[in-house]
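Since this is a predicted model, take the numbers as computed values, not measurements. Hydrogens, waters and symmetry mates play no part in the numbers below; they use all other heavy atoms, side chains included. Whatever order the structure lists them in is the order used to number ligands and atoms, beginning at 1.
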Amino acid sequence: MTQTYTPDRPLRVAVIGSGPSGIFATEALLKQTDLPVEVDVYDRLPTPYGLVRYGVAPDHLTIKSVTRGFEKTLSDPRVRFLGNVEFGRDLTHDDTVAHYDAVMYTVGASSDRRLGIPGEDLEGSMSATEFVAWYNGHPDAATRDMVLHASGVAVVGVGNVALDVSRILVKTTQELHESDIAAHALSALEGSHVRDVWILGRRGPAQAAFTTKELREFGELSDAEPVVHSEEIALSPEAEAAITDNTKKKNVEVLREFAAHQSEGKLRRVHLRFLVSPVEILDDGHGHVGGLKVERNRLDEHGNAVGTGEYEVLPVQMVLRSVGYRGVALPGVPFDEKRGVIANTDGRVDGRAGEYTAGWIKRGPSGVVGTNRKDATDTVAHLLADARESRLPGAAHPTRTAVDALLASRGVRVYSFADWQVLDAHEVAAGKAQGRPRAKVVHREVMLGHRKA
Ligand code: NAP
């Protein structure tokens, strides 16, 4: 059917997930001028911005300033934010197809990958994802009772998330105070016994996934210092010549500076270890982490880690696995289980006209916030081409009022952008009173109580 989109019958798009990819997709939809559009951005949480609010480290406030642009997008009259609406429960796949011409899934990757070693379920062993959600005040993790008795912590993986959790574990109260870390985490960390954190890379320094700016931060902490063993970062001239990536080259330089660094006797140490793989999390006899057994590795000719049969035990009481996020399937949407992404070709959902995806749930958990702008814009270009060439199936009930009536009939307490602005202003004011950038509200019911009159 040929559909002409007009100001009275605009192209209606539902964006599922209000993290960076969802907002960048919305931005791209607003930027074109030939098609009148109406975009409804949904989130299962009352608050918008996804990983910018709940994933980005609380002390990386500059990265969070991207929300100023996001606010502009969500304030556009062509856009509505519908928070506290869960896709698959409050709004099903069939509902979106009935009310929108196109649906864009941008839900990110909310789960984590496991190590698959004995002891992974012991008390004190968890994913970095859980730990991040806890210190960032995610409503699903805020009530978790995180006891920080450990003096030694192992963080498995050498990506930026591993660096984030390690840095938060070793920062002083004063340093943390300057961040927007959740109050419960600030007080738990204030009483923390952590002295040593081991960040473990299974391959060598030239293969580490982290970025140099984040690595450098370990040399700039008030009362913690980096420890690097020069023999673990030694590279043959051939291996050194083979590093073509500039970030990786700079990483190696910074690690060399760390290895040459004389201890200043700071309270806490961050040990950056390479060529070691965890093989077993040891039980302390009470079902709690009592140590981490690691095997030394060497690199084979393809750059893969191979065990040497030499072992050591790290004296840790907490293990955070930080080996990547994993996407979770959405009800009614084709999923590629192997890759942990929505089954798609260049952002078009396989076998589904009018359904699209962008961000981590499209391509997997890689890249920084800004990477998702191009990714989302690329998918939107396909959506717009399909709209212009009448390839969209067309909605049966293409109005805001129809979808509002449906959600109201189900008793869904939709949280609007105006409601969020009330909560946002409250958090900023409460933070200011404590000399902090923001004091996050962490309980969903309390959030829902802050509404536009
Ligand atoms: P990541 O960058 O993919 O790093 C995952 C790490 O886990 C890699 O070092 C990987 O090593 C290791 N790993 C995987 N399986 C392992 C195993 N079985 N045993 C030991 N190590 C294992 O993932 P991430 O840290 O979760 O970050 C996700 C994305 O968010 C990245 O693009 C990251 O840059 C971005 N991010 C950016 C910032 C920032 O800009 N400040 C902050 C946080 C996150 P191998 O290479 O050997 O597989």
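Inspection of the His93 and Glu355 side chains reveals an N or O donor paired with an N or O acceptor under 3.5 Å. With 3.5 Å as the limit, one finds a donor-acceptor pair spanning the side chains of Lys362 and Thr379. Between the side chains of His426 and Gln421, not a single donor N or O lies within less than 3.5 Å of an accepting N or O.
The protein reaches atom 48 (O) of ligand 1 closely, with a heavy atom under 4.0 angstrom from it. Atom 10 (C) of ligand 1 lies below 4.0 Å from none of the non-hydrogen atoms of the protein.
Counting protein heavy atoms only, atom 18 (N) of ligand 1 is closest to Arg202 NH1, 3.5 Å. Atom 41 (N) of ligand 1 has as its closest protein heavy atom Glu214 OE2, 3.1 Å. Of all protein heavy atoms, the one lying nearest to atom 21 (N) of ligand 1 is Val323 CG1, 3.6 Å. Of the protein's non-hydrogen atoms, Trp360 CZ2, 3.6 Å is the one closest to atom 29 (C) of ligand 1. Scanning the protein heavy atoms around atom 12 (C) of ligand 1, the nearest turns out to be Gly157 CA, 4.0 Å. Taking atom 23 (O) of ligand 1 as the reference point, the nearest protein heavy-atom neighbour is Gly324 CA, 4.2 Å. Shortest contact from atom 4 (O) of ligand 1 to any protein heavy atom: Gly159 CA, 3.5 Å.
The option from Leu163, Val368, Val161 that lies nearest to atom 40 (O) of ligand 1, judged by heavy atoms, is Val368. The closest non-hydrogen atom to atom 5 (C) of ligand 1, taken over Pro365, Ser322, Ser366, comes from Ser322. With Ser277, Gly367, Ala109 as candidates, the residue nearest to atom 31 (C) of ligand 1 on a non-hydrogen basis is Gly367. In the candidate list Asn160, Val369, Asn297, Asn160 is nearest to atom 33 (C) of ligand 1, counting heavy atoms.
Taking the six-membered ring for Trp, Tyr105 and Phe87 have ring centres closer than 6.0 Å. Between Trp360 and Tyr325, the distance separating the two ring centers is shorter than 6.0 angstrom. With ring centers used as reference points, Phe24 lies under 6.0 Å from Phe70.
Around NZ of Lys266, the count of heavy atoms belonging to other residues, nucleotides or ligands within 6.0 Å exceeds 12.
Checking each of Lys72, Arg80, Arg78 against Asp76 for a side chain to side chain donor-acceptor pair (under 3.5 Å) leaves exactly one that passes, namely Arg78.
Counting all heavy atoms, side chain and backbone alike, Thr212 lies closest to Lys250 at OG1-CB, 3.5 Å.
A side-chain hydrogen bond (donor to acceptor under 3.5 Å, both in side chains) check over residues 179-193, counting only residues at least two apart or in different chains, returns the pairs Lys64-Asp180. Under the salt bridge (charged side-chain N to carboxylate O under 4.0 Å, His left out) criterion, the residue pairs touching residues 277-298 are Arg296-Glu310, Arg296-Glu312, with sequence neighbours excluded.
Taking every non-hydrogen atom of Val158 and a distance limit under 4.0 Å, the qualifying atoms of ligand 1 come out as 6 (C), 9 (O). Set against the non-hydrogen atoms of Tyr325, the atoms of ligand 1 under 4.0 Å away are 26 (O). Ligand-side atoms of ligand 1 in range of Asp164: 42 (C), 43 (C), range being under 4.0 angstrom from any heavy atom. Within ligand 1, counting atoms from 1 as listed, the ones closer than 4.0 Å to a heavy atom of Ala209 are 2 (O), 4 (O). When each atom of ligand 1 is checked for a heavy atom of Val156 under 4.0 Å away, the hits are 20 (C). Applying the 4.0 Å criterion to heavy atoms of Arg203 picks out, from ligand 1, the atoms 45 (P), 46 (O), 47 (O).
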Worked verdict on Arg444 versus Asn84 for side-chain hydrogen bond (donor to acceptor under 3.5 Å, both in side chains) | CA-CA 9 Å; Arg444 191 185 278 258; Asn84 201 38; 2.8 Å; yes
